[in-house]
**Q** 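Following this message is one structure expressed as structure tokens.
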Amino acid sequence: MTSRDTDEALLERVRKLLALATSPNLHEAAAAAAMAQRLIARHRLEGWLAAEQAAEADPDPITDGRDAPLEVARRLRKWKTVLATVLADANGCVAYTLDLGAEKAIALVGRERDRQAVAALWGFVVKRIEWLSATHGAGRPREWHEAFRVGAVETVAERLRQVDEEVRQELTGRELVVVDPLELARREAVDRWVGEHMSLGRGRGVRVDARAYRQGRQAGESLDLPGPADRRLTRGRR
């Protein structure tokens, strides 16, 4: 079985797990998402250990992903650009926005397998955060929902970091000696590609209603998700 075949088999498992998100039980849906992220992270690390090859030798090339954007809309929501940044960072990509005439899009710079992993998680997390927002904020203005959703996204980011750490703790010291430099090299390769092929500005901070943001953070706890992000989140690069 080729590497591409194993990647597709993994994504199929992830899609089947996330299909459980249709359950009315929030905890069952959250458990499915957590397991999906764990599968992705573990598959990625095991692939590196098996190949032990540098980022430059990876047969999956880095591209700007503009042909398969995560979102296309006349107006992009701030919370979705923050979420794209969180999921991209958790999976070795860089999220950015681009103009498409009358519409704008959120796209990912990275390798195809990593962009597909983000896309598999994206649909689930977006739907769950929208569901939480509608449940907790019936009758609230749009600004409240925006702040609530940004807060929920930050909680998702912390859960993603936890899963990443848990998976790494399962590795031996010898395995970490292989994995750590490869992860750094792959991330540097993506950043270098961005610097050489694109002109992206710095992400802009997001200002939102503080109370709604805190409520979103608390509600996001029920998603029980896992990946990486700093305490202060910014919008994706432009």
**Q** Name the one of Leu10, Val163, Leu171 that satisfies side-chain contact (heavy atoms from CB on, under 4.5 Å) with Arg42?
**A** Leu171
**Q** Return the set of residues passing side-chain contact (heavy atoms from CB on, under 4.5 Å) with Glu183 (not counting sequence neighbours), or none when no residue passes.
**A** Trp48, Arg168, Arg187
**Q** Could you tell me which residues satisfy side chain to side chain donor-acceptor pair (under 3.5 Å) with Glu166, sequence neighbours excluded, listed by chain and number?
**A** Arg38
**Q** Would you give the length of the straight line joining atom NE2 of His145 to atom CD of Glu143, rounded to the nearest 0.5 angstrom?
**A** 10.0 Å
**Q** Taking the side chain from Glu146 and the backbone from Arg77, do they hold a donor-acceptor pair closer than 3.5 Å?
**A** no
**Q** Short question: side chain of Asp89, backbone of Thr85 - any donor-acceptor pair under 3.5 Å?
**A** no
**Q** Considering non-hydrogen atoms only, spot the tightest contact between Trp79 and Ile129 and give its length.
**A** CZ3-CG2, 3.7 Å
**Q** What is the minimum heavy-atom distance between Arg44 and Ala117, and which atoms define it?
**A** NH2-CB, 4.4 Å
**Q** Distance check, rounded to the nearest 0.5 Å: Leu98 atom CG versus Glu103 atom CD?
**A** 11.0 Å
**Q** Using 0.5 Å steps for rounding, measure from the CG atom of Leu76 to the CD atom of Glu71.
**A** 6.5 Å
**Q** If we ignore angles and hydrogens, is there a donor and acceptor under 3.5 Å between the side chains of Thr63 and Arg115?
**A** yes
**Q** side-chain contact (heavy atoms from CB on, under 4.5 Å), that's the test. Do Leu182 and Val178 meet it? Break it down for me.
**A** CA-CA 7 Å; Leu182 283 177; Val178 174; 4.0 Å; yes
**Q** Please give me the minimum heavy-atom distance between Arg142 and Arg75, naming the atom from each residue.
**A** NH1-NH1, 3.4 Å
**Q** Would Arg128 and Trp131 count as a cation-pi pair here, with the cationic atom under 6.0 angstrom from the ring centre and within 45° of the axis?
**A** yes
**Q** About how many Å separate CG of Asp164 and CD1 of Ile40, when rounded to the nearest 0.5 Å?
**A** 12.0 Å
**Q** Closer than 4.0 angstrom, basic N to acidic O: yes or no for Glu12 and Arg15?
**A** yes
**Q** Side-chain donor-acceptor pair under 3.5 Å between Gln169 and Glu165, yes or no?
**A** no
**Q** Checking side-chain contact (heavy atoms from CB on, under 4.5 Å) for the pair Lys78/Arg149: CA distance, chi angles, key distance, verdict?
**A** CA-CA 9 Å; Lys78 291 182 290 186; Arg149 292 170 181 179; over 6 Å; no
**Q** If every non-hydrogen atom of Asp64 is compared with every non-hydrogen atom of Trp193, which pair is closest and at what distance?
**A** N-CH2, 3.6 Å
**Q** Hey, could you give me the CD/CD distance between Glu170 and Glu175, rounded to the nearest 0.5 Å?
**A** 10.0 Å
**Q** Which heavy atom in Val109 sits nearest to a heavy atom in Val194, and how many Å separate them?
**A** CG1-CG2, 3.7 Å
**Q** Does Arg186 reach the side chain of Arg111, with side-chain heavy atoms less than 4.5 Å apart?
**A** yes
**Q** Can you tell me which residue among Val125, Leu121, Leu70, Ile106 is in a side-chain contact (heavy atoms from CB on, under 4.5 Å) with Leu83?
**A** Val125
**Q** Determine, using the 4.5 Å side-chain heavy-atom cutoff (strictly less than), whether Leu45 and Leu184 are members of one ILVMFWY cluster.
**A** no
**Q** Between Thr97 and Lys104, does a side-chain contact (heavy atoms from CB on, under 4.5 Å) hold up when you go through it step by step?
**A** CA-CA 7 Å; Thr97 60; Lys104 296 182 181 297; 5.8 Å; no
**Q** Which heavy atom of Ala105 sits nearest a heavy atom of Pro69, and at what distance?
**A** CB-CB, 4.0 Å
